[in-house]
Amino acid sequence: MYVIYNPTHVRHDPPYEIYDGVRAPYAETAARAEAIIARLRQDSSYRITRPRHFPLAWRRRIHHPRYIRFLRERSGQLGEAEALNPSYFITDTYAPIVQHTYRVAGQAVDVALTAADKLLQGENPVYALCRPPGHHAEHLSMGGYCYFNNAAIAAEYLSKHGRVAVLDIDFHHGNGTQHSFYERSDVLYVSLHADPQVRYPYISGFEEEKGRGQGHGFTRNYPLRLGTTDAEYLGTLRNALRCIASFVPDYLIVSAGFDTYAHDPIGGFALTVPCYQAIGQAIAGLNIPTVAIQEGGYCVPALGDIAYAFLQGLQGKNL
Ligand code: Q9C
Ligand code: ZN
């Protein structure tokens, strides 16, 4: 299968995040994507390919021009070792800007769009190894390690060619993606995530959020308890997949976060490595052309094996 990857992501490397006013090491490190690509390189059936550049107009369909300009200008003003924690255009304290943030975040959009394009050319499944991730990025704000919403932009791109479902399996609710399509009936958003009552992003991902206006019924949230096991997760996933199947999408985007893993330093579920193969295989059972887009996942030593298990499953293969 095709893996779209751009090694220049390493230049977006903020030094710290802020939790309740206190500095902590930045969890969304370059080592994450490097661990995944190193594992995929061990299997020659993974065709690792650079992205091509897409017109900036695609970003503007999801993000406000003022927000994009802010990110571009503030990145450009920073020196090599500087980090800016902006006061505006941000929903939390988890998305500092460094010198190369605008460029690298834009390249992650190209990774997602190149993968979506491969899907249109008949490749299936396709994996976009995006970094930084995107699903917390909103129309007018960054947050949660996310700057541009790679999955939402890819969904918008594919929606010109058919009905699109987004399945978000990151540990955290994808607030930015949900809000991008909240009033639309041509893009379905379905998410499994930690109960937002007790985990980030706190402000969205509740079961009662179902879409608005024409979009009513086209958002579906499955909040799960902390400590969720493989069996519980796979049971809920089956319900989510039924919901997707009844929408009859032409394309499926999976916002693939691996912070549901038992030993993830930020997450709080109990999933094991083999469960990711089962998740991939269950998704493959839908038989819908699928692009997986990398979101979170912070247990760097396990990320290679988790991603490999998931992608093998997504191709209907065993470990
Ligand atoms: N003290 C993604 O997974 N909160 N973003 C961390 C740690 C921020 C996660 C709290 C979580 C953002 C893409
Ligand atoms: Zn996450």
Side-chain angles (χ1 to χ4, degrees), residues 9 12-33 35-36 85 90-97 101 104-105 108-109 111-112 128-138 141-154 166-180 189-205 221-224 226 228 233 253-271 276 279 292-300 302-303 306-307 310:
H9 70 81
H12 167 70
D13 207 6
Y16 58 83
E17 57 191 59
I18 300 173
Y19 179 68
D20 282 352
V22 179
R23 287 186 189 196
Y26 201 63
E28 200 285 286
T29 59
R32 300 173 53 249
I36 293 174
N85 284 93
I90 186 158
T91 46
D92 52 59
T93 51
Y94 298 111
I97 300 173
T101 296
V104 172
V109 172
V111 168
L129 211 188
C130 290
R131 189 181 166 269
H135 73 155
H136 299 306
E138 299 267 1
S141 60
M142 61 197 101
Y145 315 141
C146 301
Y147 304 85
F148 292 133
N149 196 318
N150 308 310
I153 295 168
V166 180
L167 171 64
D168 192 327
I169 57 169
D170 189 276
F171 175 79
H172 306 95
H173 178 246
N175 53 288
T177 314
Q178 170 171 303
H179 294 146
S180 296
Y189 178 74
V190 177
S191 180
L192 279 69
H193 49 263
D195 184 354
Q197 199 120 253
V198 293
R199 278 296 181 275
Y200 183 92
Y202 301 103
I203 52 166
S204 68
N221 286 307
Y222 296 89
L224 294 163
L226 295 182
T228 289
Y233 194 89
I253 291 177
V254 181
S255 260
F258 301 139
D259 34 12
T260 46
Y261 178 56
H263 305 293
D264 191 277
I266 290 179
F269 290 170
L271 304 200
Y276 292 90
I279 292 170
I293 296 185
Q294 188 61 48
E295 301 287 358
Y298 307 97
C299 183
V300 175
L303 279 180
I306 295 172
F310 173 70

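For reference, positions follow the sequence shown, starting with 1. Indexing begins at 1, ligand by ligand and atom by atom, following the structure's order.
- Legend: residues meeting side chain to side chain donor-acceptor pair (under 3.5 Å) with Arg131, ordered by chain and number and at least two apart, are His9, Glu28.
- Under the rule for a salt bridge (charged side-chain N to carboxylate O under 4.0 Å, His left out), Glu17 has no partner lying at least two apart in sequence or in another chain.
- Restricting Asp170 to its N, O or S atoms, the one at the least distance from the Zn ion (ligand 2) is OD1.
- Ring to ring, Tyr261 and Phe269 are not that close: their centroids are 6.0 angstrom or more apart.
- Ala35 and Val300 get closest at one heavy-atom pair: CB-O, 3.8 Å.
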Exercise answer, ligand 1 polar atom pairs (N/O) under 3.5 angstrom:
{"unit_1": "ligand 1", "atom_1": "3 (O)", "unit_2": "His172", "atom_2": "ND1", "d": "3.3"}
{"unit_1": "ligand 1", "atom_1": "3 (O)", "unit_2": "Asp259", "atom_2": "OD2", "d": "3.0"}
{"unit_1": "ligand 1", "atom_1": "3 (O)", "unit_2": "Tyr298", "atom_2": "OH", "d": "2.6"}
{"unit_1": "ligand 1", "atom_1": "5 (N)", "unit_2": "His136", "atom_2": "NE2", "d": "3.3"}
{"unit_1": "ligand 1", "atom_1": "5 (N)", "unit_2": "Gly144", "atom_2": "O", "d": "3.0"}
{"unit_1": "ligand 1", "atom_1": "5 (N)", "unit_2": "Tyr298", "atom_2": "OH", "d": "3.4"}

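- Contact record, Ile90 with Ala95: CD1-O, 3.7 Å, taken as the closest heavy-atom pair.
- Shown are Tyr202, Tyr145, Tyr147, Tyr200; of these, the ring pair (Phe, Tyr, Trp, His ring centres under 6.0 Å) with His136 is made only by Tyr200.
- The nearest N, O or S atom of His172 is closer to the Zn ion (ligand 2) than 2.8 Å.
- The side chain to side chain donor-acceptor pair (under 3.5 Å) search around Thr228 returns none, not counting sequence neighbours.
- At least one N/O/S atom of Asp259, whether from backbone or side chain, sits less than 2.8 Å from the Zn ion (ligand 2).
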